[in-house]
Structure formats: structure tokens, C-alpha cells
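Chain identifiers are assigned alphabetically (A, B, ...) following the order of the sequence lines, protein sequences preceding nucleic acid strands; residue numbering begins at 1 within each chain.
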There are 2 protein chains.
Amino acid sequence: MPATLRDVAEYAQVSMRTVSNVVSGYTHVSERMRKHVLQAIDELGYRPNPVARTLRTGRTGMLAFVVPEIDVPYFSALARDVIDAAAEVGYRVMIDQTGHDHDHERDLLTGNDRTMLFDGILFSPLVTKAELLEMNSPTQMPLVLLGEHEFDGRYDHVAIDNVRAAYDAVRHLLDTGRTRVAAIGAQPLEEYATPQQRTVGYELALREVGIEPEQRYARPAAHYSRADGYGAAVELLALDVRPDAIFCFSDLLAMGAMRAVFDAGLSVPQDVAIIGIDNIEEGRFSRPSLSTISLDTSFIAEQAIARVTARIETPDLRPRQIVAPHTLRIRESTASIER
Amino acid sequence: MPATLRDVAEYAQVSMRTVSNVVSGYTHVSERMRKHVLQAIDELGYRPNPVARTLRTGRTGMLAFVVPEIDVPYFSALARDVIDAAAEVGYRVMIDQTGHDHDHERDLLTGNDRTMLFDGILFSPLVTKAELLEMNSPTQMPLVLLGEHEFDGRYDHVAIDNVRAAYDAVRHLLDTGRTRVAAIGAQPLEEYATPQQRTVGYELALREVGIEPEQRYARPAAHYSRADGYGAAVELLALDVRPDAIFCFSDLLAMGAMRAVFDAGLSVPQDVAIIGIDNIEEGRFSRPSLSTISLDTSFIAEQAIARVTARIETPDLRPRQIVAPHTLRIRESTASIER
DNA sequence: TCTACTGTTTGCAACGATAGCAAAGTTGCG
DNA sequence: CGCAACTTTGCTATCGTTGCAAACAGTAGA
């Protein structure tokens, strides 16, 4: 049974209020009293109960970082930056994995769950646009969306310019002399904004050099996993006119695609160039190393934290859309080939 | 301002007590009344405040999964299984990254921090043995250690047999005809149990076939990262008598080591065989694919959850040490070579 | 010496939900 | 009609902490 504030007060022969003042660093406490109380605290091994404190103050000092799958390298890398950025401003971050579970996401947003344990939420959404719109309203929990951009201004967002990022990637492939550029990661459902936008960028770059996008070169991928990348690439390589480059919507897809190329007895980048998006560390050590679009995750994290903390202080801020920078990282997987 | 129990009671014209009975599924409530109250709850959008409930009942329904770095694939994969296993028994899991920060770990264990927000902790520790022993005592928070085994029976553990796992890995290298087997991952500080035990297994396997372990073939690694694996492998390859196999204490080290071998103009497995531990997905898609010791993470997760929930119910259980199975996964990186 | 003021300390209530208890009201059954 | 079982209620206490305002002490100025 841990010691409470009351125990300390009785033990030190002072009022609970004074003990509380000492604990929370209230200014008007004499040095003598402070010492006295601190000693009592120490002797009883007292620790403030954060639950009680939260009930009273309404603040938990914790943020939730919600992702579909924490074992996706991009998310875990981002999580790390988010945790660091939050620590800078005195918040702790708990990671919550929704696991492609719409119900779980809905619970979070509707406050069905333990949401009130957090002061704010950073959310990398999976659910559809329309659904999201109505959800957060009942709780009014400060919320910042990461990675999605196409919601109509009702929430704060931090994300890259997906159209531009895809354009830059494909443009790079074209610049190295490839002409049959395939894509992996398109989504049939139009509720998912990110793949939509990346598809737009992909087609834009192709058309700009006079190439009409071909339907059969655009393969869907359900989960942005290595396995999906592998499977999609196998299909692409089986086409009668094989692509000479593949733009993958994520590095993980690209890792799978690379392996599929090798298993087909072909070579990256000689036969097929490959580029991804995310700049995960795995791609720097792979063979060949993976060209990619690098997202500035620490920028994203810092902006998101700044935004959510601002909204905690001032709930009625106007929502802002923040665009994070991205840069092309050219590595071995898209090396130019002389013919 | 969210609705409270009192609001619901007033709105439905019933007592708070009755509302509480409905919410918590008390038996003696008529069907009519239940419907009536539920409707009021729905109309007001009432959600029980988990903080208040926790303060009253002492239960949060949440577990903390504490890891040094969430962006280490092994940890994020384990996190996933832990979350699933916990969901099975009605608990939610929050991931807490300590980031090699001893203070943070200490805070958690001493209850300095927000520990009381959780009913129990699953802990993949970083701190030294001696420190750990004293820490948890003040809080008595149910605690299960993952991945470490050498603490003297004061806590529940779930971990593989590290000596045996290392032995199996090295034995496999020897079986494929390699004789100069190096290791990456030893730790100079003896407080870290896992590397110690893996070193023991490594040396055991060597001696068993009459090879005396050489100091220069055992390289330390501070962080079990790709970069550390790369650096250590570069050093090994620069030796006048180059090793023909490398046993890495983690798959991540192995990925770095593989890249170092290629950068030195050599080949895996022809010139140097490489094996790791963890069986991360990355190693199934890498080129060559990585032989490894596979840990049964879902077993680890299930056992850990079973243990911590049991301890939540019955705090005075005798600590148990649970050994998780491991299996050798032979892939391309240790293929036999004919000479 | 008395007032004014700053600085310290305290008592009470409240945060929102739960639990125990006893009593009051309702219904069913013989 | 009376008794028992079932429902519903009001009241009060509790979890541990902090906000508010008042009370108290001590010192300086008039």
C-alpha cells in the first residue's frame, strides 16, 4: 500500500495542502518547511499518484501516437522522433497500434476507449476520409493527422506533398533512361488519399515526357509490406513487355520487389531499376542499396508535437496543414546504365 | 465538456446509482430501465471517465511494454504479438521506449513516473542486474522481464536459452565446414546478461570441435544496429587471417555485416558465411537471405501476458522463469560450399 | 501602537465514478 | 391479503490530488 499525500501530511504534522505545495513546487513555501516535508516524503517513499492528479487537473502529460502497424519500419522510425520531440516539451508518448482494425480506430476517436488518458493524439490514419470527419467531434480531443493530406481542413495535418514526392521519384527513373516505369502501391479504393496522390504524381511525370500510363504497369498493394511488393513485382516481371523500372509507394514494397527481381534471375539496377519512398534504414544496407524519397521524419514529428501541444493550450486554433519537405536519395538501385 | 454520470442520471430522471448499475452490468436491473438508461447514455454521448474509474477501482486495464528502442525490428515485431496476446485477455498495451535512457528505466521501476497508469509492466531491460534488483520493490507493480535470464529468481522471466541458441547457431556454421568463426555482439560489461550468455554458447560450440576461441575474432557491438554490425565486420575482414564465418548476436548486426562483406569485394556465403539471431522479416527478403535463430515471439508474448495478468490477480505468486523455444532457420547466407 | 502588506499555511470542496447499506417501492405468488 | 423476492433509490464514504479563498503570521511604514 503506497503512501499518500495524507500519510505524508500526518507524518510531517502539516496540512495536506502544504505537502501538495511542496510537491508541485509552489513558490510560497519557506525553506525550512520545504526541507521538513521533503524529508517526510523521502522517509515514507511517497510518490504522487498520477491518476488522482489527472482526475483533478484534467491533464495526463501523455500523448498517444496511433499507427496501424508498429512493425512497419517507417512508423517505428517516426515513433522514435515523435517520442524525442515530445520529451523536449515535457510530454510522454505512448504508442498505440490499431492493426488495421477500424473498430479500434473508431473507439479511439469517439473516445469509446481509454482515450481520456491522453491529452492529445497523433494519428496516422487508416480509416476512410468520410468516417473520420464525424468521429472526433464528440470528444474534442486535440488531434493531429500525420501522413494524410486530403481531408478538408477540419484537422491539423503534417504530411509531405505526395504528388510531388511521387513525381520526383518517377522523374528520377526517367532521367536515368528508363522508359517502361511500373508502379506498385496503387489502391483501388479511393478513400485512401496517400496512394491516390502518389498515383497522380506517377502519371504526371510519365505524361510530362510523353508516356501514356499503362494500366497493367500499375499494380495494387494491400499492405505496403515486403510480401506484397514481392508478389506485385512477380506479376510485373511476367508481363510480355517487362518494365525496366519500378516505382514503389514505400521502401518496404521496394525491398520485396528487389528480391522478386533477383529470384527471376534478373538484376537491379541493370535490368530493372527500383525506387521507394520513406528512406528506411534497411535500404541503406541492402544490396543494392535502395534509392528513395526521404521524408524528414524529425520535421514531421516536431511540427506535429508543436501543433498538438498548441492545441492542448488553445483548443480553438484554426486547423493548419503543414507540408513536410522530402528529398530524393539516389543510391545503387537506380544507377544509370550505359547501353 | 463531456457528459458525466450525473448528467445522465438527471437527463434520464433516475439515480446515479442506477446508471452506474447499468454501465457496469449489474444484474438486478429491469430490461425496461436498462433500455431507458442506455438511450440516455447514447443521446448524451456519455463515456465513463477511465481516470475516475481507475482512481476508484485501482485498475486501468492497460499494460506497459517497455523497450529500449522501438525501431529495432525484433522489438517492434514482439510488440505486435504482445498487443495481440493482451487483447485476447482484455488488456490494452502501450509501448514505452526508454531509448537507452537509464533514468527513464529507473523512473519506471521506482514508480517515479506515470507508472501507476498501468496494471503491469512487460520489460525488456537495458539496465544492469544489480540495479534492477532493488528497484521494483517500492512499487510492487506486477513485472515480467523479457529476454534476460540471469537475474536471480526475484522476477518472472520469459526468454530463450541464450547459451543454447548461440551454440546452435555456431554449431551450424561449423557443420557447413567453416572453421574460422568470428562473433559480433559481445559486451565488455558483464552486467548485460544476454551477450554474456551468447558468448558462452559461442565458445562452447567452438571448443566442442577442438577450436580454441580467439580474442580477436570476438568483436563487441554497442547497439546491435546495422551500423555497428558493419563496423565490426570491416574490422574482422581486415585481419590477416580472415574469418570464414560470422555469428552475429542479432539479425540487425548481421545485415550490417553482410553489407560490409560485399563492400570488401567478397561474397556471402562463398567467402564468409553469416548467421544472426531474431529471425526478423528483413532477413527473409535480403540478398542473400539470412540464416538465423528464430525466436518464438508469439510464445514469448503469450507467456508474458499470462504471467503478468496472473500476477495482477495474485500478487504473491512465486516468480517463474519460462524458457521460450528457438529454432535454427537455414537460408542462403550459410549455404554449404564445396571446395 | 496600529494599519497595510507580503508571505505562509490551512480547510474545504471538488474532480467522476464506485460501493455498501438500508430503505422504499414494485411485483408476483400462494 | 400477506409475505417474499426483485428493483430502484438516497445517502455517504472513498480513491488521491489540487484550486480557491480565507486565515494566520511577521514585518515595514505611518
Which residue lies more 5' along DNA chain D, comparing A/A52 with B/S15 via nearest heavy atoms: B/S15
B/V19 vs A/T57, nearer the 5' end of DNA chain D by closest nucleotide: B/V19
Sugar-phosphate, base or nothing in reach of B/T4, heavy atoms under 4.0 Å: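 B/T4: backbone/sugar contact only, no base atoms under 4.0 Å.
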Residue B/T18, side-chain heavy atoms: nucleotide from D/dT17, D/dT8, C/dA17 that is nearest: D/dT8
Report the distance from atom [atom1] of [X] to atom [atom2] of [N], rounded to the nearest whole Å.
X     : N      : atom1 : atom2 : answer
B/M16 : D/dT12 : CE    : C1'   : 12 Å
B/H36 : D/dT8  : NE2   : P     : 11 Å
B/L55 : D/dT18 : CG    : P     : 12 Å
B/R17 : D/dG10 : CZ    : P     : 12 Å
A/R47 : D/dG16 : CZ    : P     : 16 Å
B/N49 : C/dA14 : CG    : P     : 18 Å
B/L44 : C/dG16 : CG    : C1'   : 15 Å
A/Y46 : D/dC15 : OH    : P     : 14 Å

Donor/acceptor link under 3.5 angstrom from A/R56 side chain onto base of D/dT17: no
CG-CG distance between A/D7 and A/L44, expressed to the nearest 0.5 angstrom: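 Separation between the atoms: 7.0 Å.
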B/R320 side, atom CZ; B/R318 side, atom CZ - distance, nearest 0.5 Å: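 Atom-to-atom, B/R320:CZ and B/R318:CZ are 9.5 Å apart.
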Side-chain heavy atoms of A/I121 within contact of A/V144, under 4.5 Å: no
Phosphate OP1/OP2 of C/dT9: any A/S30 side-chain N/O under 4.0 Å: yes
Ion pair B/D316/B/R311, N-O distance below 4.0 Å: no
Angle by which the axis turns from one end of the helix from C/dT1-D/dA30 to C/dG30-D/dC1 to the other, five pairs per end, to 10 degrees: 50°
Minimum-distance pair of heavy atoms, taken over all atoms of A/S76 and A/I70: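 Heavy atoms only, the tightest pair is CB-O, 3.5 Å.
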Closest non-hydrogen atom pair, B/Y11 against B/A40: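 Between these two residues, the closest heavy atoms are CD2-CB, 3.7 Å.
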Step-by-step salt bridge (Lys or Arg N to Asp or Glu O under 4.0 Å) determination, A/D156 to A/R307: CA-CA 8 Å; A/D156 289 311; A/R307 205 58 201 154; 2.9 Å; yes
